[in-house]
Student: 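Structure provided below as structure tokens; questions to follow.
All values below were derived from every heavy atom in this structure, side-chain atoms included, with hydrogens, water molecules and symmetry-related copies excluded. Atoms within each ligand, like the ligands themselves, are counted from 1 in listed order.
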Amino acid sequence: MSDRPLYRFAPSPTGYLHLGNARTLLLNALLARRRGGRLLLRLDDTDAARVKPEYVAAIREDLAWLGLAPDLEARQSERADSYGAAFERLKAAGRLYPAYETAEELDRARRLARASHLPPVYDRRALKLTAEQRAALEAEGRRPHWRFRLSGGRAAWEDGCRGRQEIDLDSLSDPVIARDDGGFLYVFTSVVDDAEFGVTEVVRGEDHVANTAVQLDLFAALGAEPPAFAHHNLLTTAEGAGLSKRAGSLSLRSFRAEGIEPLAVAAYAVLIGSAEAVRPVAGLDELAQLVDLAKLSRAPARVDFEELAALSAKTVHGLAFADVAPRLAALGVGGGAVFWETVRGNLRTLAEATDWWRIATGPLPESAERPRAEDSDLIAEAARRLPAEPWDDATWKAWTTDVGAATGRKGRALYAPMRLALTGWPHGPELARLLPFIGRERALERLSASS
Ligand code: GLU
């Protein structure tokens, strides 16, 4: 086993990844990156009724979209032999017992306990069954599920986010680790996997804090070294509701469809609800430097889509041509680094570069705004004074100075109608830089159409 830290991201493929999943994923992936460690993608796909192959494909796609490539991959559905072997060891060690209650019976017992102000903890009724009672239940056609007998006492660990944690194991139910159909459950399979893969770090949502107490007891029972645990605060919708894969809320693919930048999603997922201000970053390495688990807030953080969209726009403004060249080419946007640098500050999404490329290389769409009738003399004068090519960044200044002197117009009264005539839009990238892309022939055509 190597001494490089091994982190893991363990989604169940039962829906599309959402921003909260991205938080867990990125905290693991970025810490692995910063520490020279590795990342395992583990698909927790034992729940055959809810798992769909399309979600497996979507998880891989979403990771790639975020710019992440796991070093290892595993699927729980392919590891039944390992779980079976660990199950037999626990059974031989006397830590497992069969139980026969139906889901309805368990539910009724929990409700009764609550009504009598008792904690809804399983009362270990099945542990007291005699061999004859078990045989009788099985004769009735009941098949057992299996519970792990917790050792009692306190589970304690130093949590990477929350500091020292202690949980009284007697306050928890003995977990069911195998269903009556022989299928194994997450709380157990996760421990077997973490132990066998040599996972050294588990960073996950704070909804798993109680599981950690149970899982530490399972690691001990299996004689395995537990990883270090850290439980981060959760994200909620703007209304304060928990994010759900099944409800499809705030999914990464919905962001992709809206043109939100993956780097902005990564920055938002990591920086929201932390001591760091939400801000654009130049890349995942820079973001990795900003992760500090101990400084995450303890309260849940609310996702504000508008804040994410604004962060995405700022991220676009800072994207280097080299990093976006293939995407621009795929969109049919030309003009190289100069065009990108001309328009990027005016974009909300990268795809909007296409709009400016069309405006530059025309024809202007029907919907383009035209200058007002009272500006037609100005536009006619501008057409007459249009300089000869070649054009560069200085052409606009020289030309407008000339047109200004000839018409007596200056400031907005001069520039606004000219911009409208040339681009069909009241605002946009600096014309000094855009004009050479429009070129003399198109400029003349547009000015003539407006004068
Ligand atoms: N499949 C579990 C989940 O998505 C994994 C939790 C863990 O990281 O152990 O909640």
Student: Within a distance under 4.0 Å of any heavy atom of S190, pick out the atoms of ligand 1 and give their elements.
Tutor: 9 (O)
Student: Salt bridge or not for R8 and D193, using N-O below 4.0 Å?
Tutor: no
Student: Just which atoms of ligand 1 are under 4.0 Å from any heavy atom in S12?
Tutor: 1 (N), 4 (O)
Student: Indicate yes or no: does R79 engage E196 in a salt bridge with an N to O separation below 4.0 Å.
Tutor: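 So R79 pairs with E196 through a salt bridge.
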Student: Has ligand 1 got any nitrogen or oxygen that is less than 3.5 angstrom from a nitrogen or oxygen of R8?
Tutor: yes
Student: Which ligand 1 atoms, with their elements, are less than 4.0 angstrom from a heavy-atom of R204?
Tutor: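 Answer for ligand 1: 7 (C), 8 (O), 9 (O).
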Student: Checking H145 against Y97 for the ring-ring contact (aromatic ring centres under 6.0 Å, His included) test, could you report, in this order, the C-alpha distance in whole Å, the side-chain angles of both residues, the deciding distance, and whether it holds?
Tutor: CA-CA 8 Å; H145 52 271; Y97 60 96; 9.1 Å; no
Student: Show the numbers, then the answer: is there a ring-ring contact (aromatic ring centres under 6.0 Å, His included) between W357 and F339?
Tutor: CA-CA 8 Å; W357 183 245; F339 185 77; 4.8 Å; yes
Student: Below 30° counts as parallel, above 60° as perpendicular, anything between as tilted: where do the rings of F188 and F87 land?
Tutor: perpendicular
Student: Among all the protein's non-hydrogen atoms, which is closest to atom 7 (C) of ligand 1, and how far away is it?
Tutor: Y186 OH, 3.2 Å
Student: Please verify whether a non-hydrogen atom of Q215 lies at under 4.0 Å from ligand 1.
Tutor: no
Student: What atoms of ligand 1 come closer than 4.0 angstrom to any heavy atom of D44?
Tutor: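 So the atoms of ligand 1 that pass are 1 (N), 2 (C), 5 (C).
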Student: Could you name the option among A10, P11, P227 that has the heavy atom nearest to atom 2 (C) of ligand 1?
Tutor: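 Looking at heavy atoms only, the winner is A10.
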Student: Of the protein's non-hydrogen atoms, which lies at the shortest distance from atom 10 (O) of ligand 1, and what is that distance?
Tutor: H208 NE2, 2.9 Å
Student: Looking at R327, R344, K314, which one forms a salt bridge (Lys or Arg N to Asp or Glu O under 4.0 Å) with E261?
Tutor: R327
Student: Establish, yes or no, whether the cationic atom of R256 lies under 6.0 Å from the six-membered ring centre of W65 and within 45° of the ring axis.
Tutor: yes
